[in-house]
Amino acid sequence: MPKSKSATKKGKRGTSKTPSRLVVVSNRVPDVKDGRVQAGGLAVALEEALQNEGGLWFGWSGKTATGTPGEPKETEVGPVTYVIMDLSRKDYNEYYNGFANRTLWPLFHYRLDLTSFKRTFFSRYQAVNELFAEKLAWRLRDNDRIWVHDYHLIPLGECLRRRGSKQTMGIFLHTPFPAMEVLTYMPAHRALMTALSAYDLIGFQTENDMRAFTDYIEHEAGGKVTKSGKVEVFGRKFRVGVFPIGINPSVFEGPMDPKDLAWGRKLREQHGEKAWMIGVDRLDYSKGIPERFQAFERMLERYPGFRNQVSMFQITPPSRGEVAEYKEIRHELETSAGHINGRFADIDWVPINYINKSYGRDKLTLFFRASRVGLVTPLRDGMNLVAKEFVAAQNPSDPGVLVLSRFAGAARELKSALIVNPYDIDEVAEAMARGLEMPLDERRNRREEMMKVIRSNDLDNWRDTYLTALAAAHQGD
Ligand code: F6P
């Protein structure tokens with residue numbers, strides 16, 4: 001039963017004796033159905049910390065309200081309170097579709113050609129962050145630790161500080177962080193960077209991303225950065241660090257639901273002896289899917305022996321479908337898959353199986369395990385967990401090969417993948433062919449090397465390392 005606002009508004013401040021809670025804030029919040037959390041991936045890791053220590057998860061409900069949205073809805077599951085709020089249609093258009101996904105997303109992914117900036121987008125972005133801060137601030141206790149996620153909520157910390165919040169506050173950016181020359185194209189860059197300085201710790205996926213950030217601090221904002229990651233700028237002191245996000249590999253290695261196993265067997269039988277290559281990506285222009293299709297076409301041109309022998313599965317759930325650039329990429333992919341299939345398909349062979357739907361984790365694991373090559377070739381990506389999932393899901397005694405873009409954060413860790421430049425269509429076509437023909441010993445060695453990294457830097461390790469650094473950052477260490 002949601003608590004009434006007035007009853008809860010008093011007495012939530014907490015004292016030094018009140019146990020410290022973790023407060024997670026993200027644009028998307030896991031679904032809670034029938035008192036249970038429907039979580040996967042990242043949500044599982046955060047859930048565990050929330051369940052152990054007690055806490056609160058605040059964010060958007062994923063819904064738009066007709067008219068002005070009401071108060072946030074609270075649901076309690078054990079020691080965790082989920083607080084979600086609807087957005088007005090205008091907020092959704094200008095904050096989520098607008099500044100988040102038409103300005104920051106393409107900018108952070110180096111797509112200046114797709115970046116549009118409007119003052120109305122930016123002021124709505126700030127207004128929604130202010131609204132979130134208003135709804136969150138009175139729910140906070142003095143000794144809470146606040147962990148904000150991603151580019152949608154950069155100004156939240158600053159909004160909370162203006163309201164007097166003194167709690168430890170950190171943000172983790174799941175996306176890439178753009179080079180100074182790219183960031184400064186966006187007129188509100190200084191406001192954004194000033195807002196980031198309100199946090200005690202800013203976490204990045206890779207050294208590259210952090211370097212891009214500190215480069216701006218030193219060369220554009222006139223601030224100071226020490227080797228150990230202490231930053232002084234805009235009259236604030238805070239810390240920066242690199243925390244590459246991981247997966248929980250055992251869930252991709254372990255036993256599966258027998259129904260899914262039967263489904264996998266049937267699917268394989270239908271496709272006979274043909275080898276599979278697989279790509280799994282949200283439908284997004286940053287993922288390099290058109291270039292991947294072109295590389296597959298090039299491979300079929302250059303190595304005719306693969307015709308009728310290799311099929312590509314591209315699983316691509318649509319996303320952000322109201323944004324024009326996403327409509328365009330959808331159309332482009334349909335045209336390209338149709339063109340390649342029209343050119344090469346035979347009565348018993350479809351080269352590209354282009355699928356616009358999502359599958360559960362077990363079915364994806366089966367797809368990964370049945371594929372000779374995994375294609376993770378984004379033009380730019382913060383980390384890309386599909387790369388790690390593909391490797392973890394492989395049969396250790398007969399593993400497939402990962403073809404990985406050098407522009408995915410994962411390439412910094414998975415050095416035994418076949419690393420490619422996704423803009424070089426010939427290079428990707430060659431890597432596909434090499435993956436399909438790679439000898440067993442080499443496949444095994446490469447997977448083992450990658451599994452060492454995936455196991456040692458798993459999702460729990462990522463969470464614990466960040467939270468330890470956050471505690472230290474607030475103490476000024
Ligand atoms: O990885 C970046 C990200 O924006 C996440 O924050 C988000 O959960 C995911 O992509 C899906 O995007 P969206 O929430 O726009 O559907």
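Note that ligands are numbered from 1 as they come in the structure, with each ligand's atoms numbered from 1 the same way. Note that the coordinates shown come from a computational prediction; the quantities given were computed from them, not determined experimentally.
Using modelled atom types and a 3.5 Å distance limit, the side chains of Tyr326 and Asp284 yield a donor-acceptor pair. With no hydrogens or angles considered, no side-chain donor-acceptor pair links Arg111 and Ser286 at under 3.5 Å.
For atom 7 (C) of ligand 1, no protein heavy-atom neighbour is present inside the 4.0 Å cut-off.
Note: Tyr92 and Trp60 have tilted aromatic rings, judged against thresholds of 30 and 60 degrees for the angle between ring planes. Relative orientation of the Phe122 and Phe117 rings is tilted, given thresholds of 30° and 60° on the angle between their planes.
Heavy-atom proximity to Tyr151, at under 4.0 Å, picks out these atoms of ligand 1: 4 (O). Which parts of ligand 1 touch Arg28 is read off a 4.0 Å heavy-atom cut-off, strictly below it: atoms 13 (P), 14 (O), 16 (O). Each of the following atoms of ligand 1 lies closer than 4.0 Å to a heavy atom of His152: 4 (O), 6 (O). For ligand 1, the atoms lying closer than 4.0 Å to a non-hydrogen atom of Arg320 are 3 (C), 4 (O), 10 (O), 11 (C), 12 (O), 13 (P), 15 (O). Residue contact check: Tyr96 has heavy atoms under 4.0 Å from atoms 13 (P), 14 (O), 15 (O), 16 (O) of ligand 1.
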Practice prompt. Go through the steps to decide whether Arg102 and Glu322 satisfy the test salt bridge (Lys or Arg N to Asp or Glu O under 4.0 Å), and finish with yes or no.
Written response: CA-CA 11 Å; Arg102 295 198 67 200; Glu322 292 183 25; over 6 Å; no
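Not a single heavy atom of His149 sits under 4.0 Å from any atom of ligand 1. Put simply, part of Asp150 is less than 4.0 Å from ligand 1, judged by heavy atoms.
Formation of a donor-acceptor pair under 3.5 Å by the Thr316 side chain with backbone atoms of Leu283 is not found in this model.
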